[in-house]
Number of protein chains: 2
Amino acid sequence: MADFNTIAQQFVEFYYNTFDQDRNKLAALYRENSMLTFETGATLGMSAILEKLTTLQFERVKHQVATLDAQPSNESGGILVLVTGALLVDEEQRPMKYTQIFQLMPDGAGSYFVFNDIFKLIYG
Amino acid sequence: MADFNTIAQQFVEFYYNTFDQDRNKLAALYRENSMLTFETGATLGMSAILEKLTTLQFERVKHQVATLDAQPSNESGGILVLVTGALLVDEEQRPMKYTQIFQLMPDGAGSYFVFNDIFKLIYG
């Protein structure tokens, strides 16, 4: 089995590619007990999270990852991931900086789902 | 028992006050299985973490928290905390932006210790 750093890198690449191409497909990464804090709003469960992610006020978005760090988060195979990066939305030319954390949990079938997800823009 | 948001806020206030006043006293917050990623360096265990934190290349430091978000991280009472903020070191007048995550775990004696800790400066 791949080590946690490799899994974190593969996850992050997949997550942002999917986010930038078709946010609806992010549904597969969440479960009914998944949590998302997006800026100031807290959301619980795959349906509410998908509703939140697909109704954000932009049409096009492109994430650029600057740093990615991971650590094992428990003895059950969980992985904690911290990303810093920048994103460009729609016609905007200036990227916005952001930080995002994920806790990935094994799904028991050889893959992972997102248990925790917190996204914050970095201002100033 | 206090809810996870209150615990996260109390922890973060205590952590940065202690960091800014006497980094040696941070030892009490880590255990032998605690992990710290500070910028690019990964460290395991209380002794190595304390060595890292007390040999950083500045004399004085002041953290200013801008945002703090928390979520439950498992069914055992763990708490995931994401902080964004700024820090001033020594005579430097311009604050540096940073982001830091903690996973707090219950210590079985009514308190918490830091299991995961990842600190990154935000450049540009």
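No experiment lies behind these values; they were computed from the predicted model shown. Below, chain A is the first sequence line, B the second, and so on; all start at residue 1.
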Does a donor on one side chain and an acceptor on the other come within less than 3.5 Å for B/Ser73 and B/Gln103?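 Yes, side-chain donor-acceptor contact under 3.5 Å.
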With a 4.5 angstrom heavy-atom cut-off, which part of [X] approaches chain B: side chain, backbone, both or neither?
X        : result
A/Glu75  : neither
A/Asn33  : neither
A/Thr67  : side chain
A/Leu121 : neither
A/Thr37  : both
A/Ile118 : both

Select one option (side chain, backbone, both, neither) describing which atoms of B/Gln100 are under 4.5 Å from chain A's heavy atoms.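 It is neither, since no heavy atom gets under 4.5 Å.
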For chain B, the option from A/Pro72, A/Ala66, A/Ala42, A/Ala70 that forms the most heavy-atom pairs under 4.5 Å: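 With the most close heavy-atom pairs to chain B, the winner is A/Pro72.
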Side-chain (B/Ser34) to main-chain (B/Val114) donor-acceptor, under 3.5 angstrom: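 Yes, the answer is positive, given that a donor and an acceptor are paired below the 3.5 Å cut-off.
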Residue, of B/Thr99, B/Thr84, B/Asn74, that accumulates the most heavy atom pairs under 4.5 Å with chain A: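 Winner by heavy-atom pair count: B/Thr99.
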Determine, using ring centers only, whether B/Phe102 and B/Phe115 are less than 6.0 Å apart.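 Not under 6.0 Å, so no.
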Would you check if the distance from the ring center of A/Tyr112 to the ring center of A/Phe11 is below 6.0 Å?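 No, too far apart.
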Flag the pair A/Asp20 and A/Arg60 as a salt bridge only when some basic side-chain nitrogen lies within less than 4.0 angstrom of an acidic carboxylate oxygen.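 Salt bridge between A/Asp20 and A/Arg60, a charged N being under 4.0 Å from a carboxylate O: no.
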Kindly check if the number of other-residue, nucleotide or ligand heavy atoms within 6.0 Å of CD (A/Gln64) is above 12?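 Enclosed.
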Counting only heavy atoms not in A/Phe58, do more than 12 fall under 6.0 Å of its CZ?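 Result for CZ/A/Phe58: enclosed.
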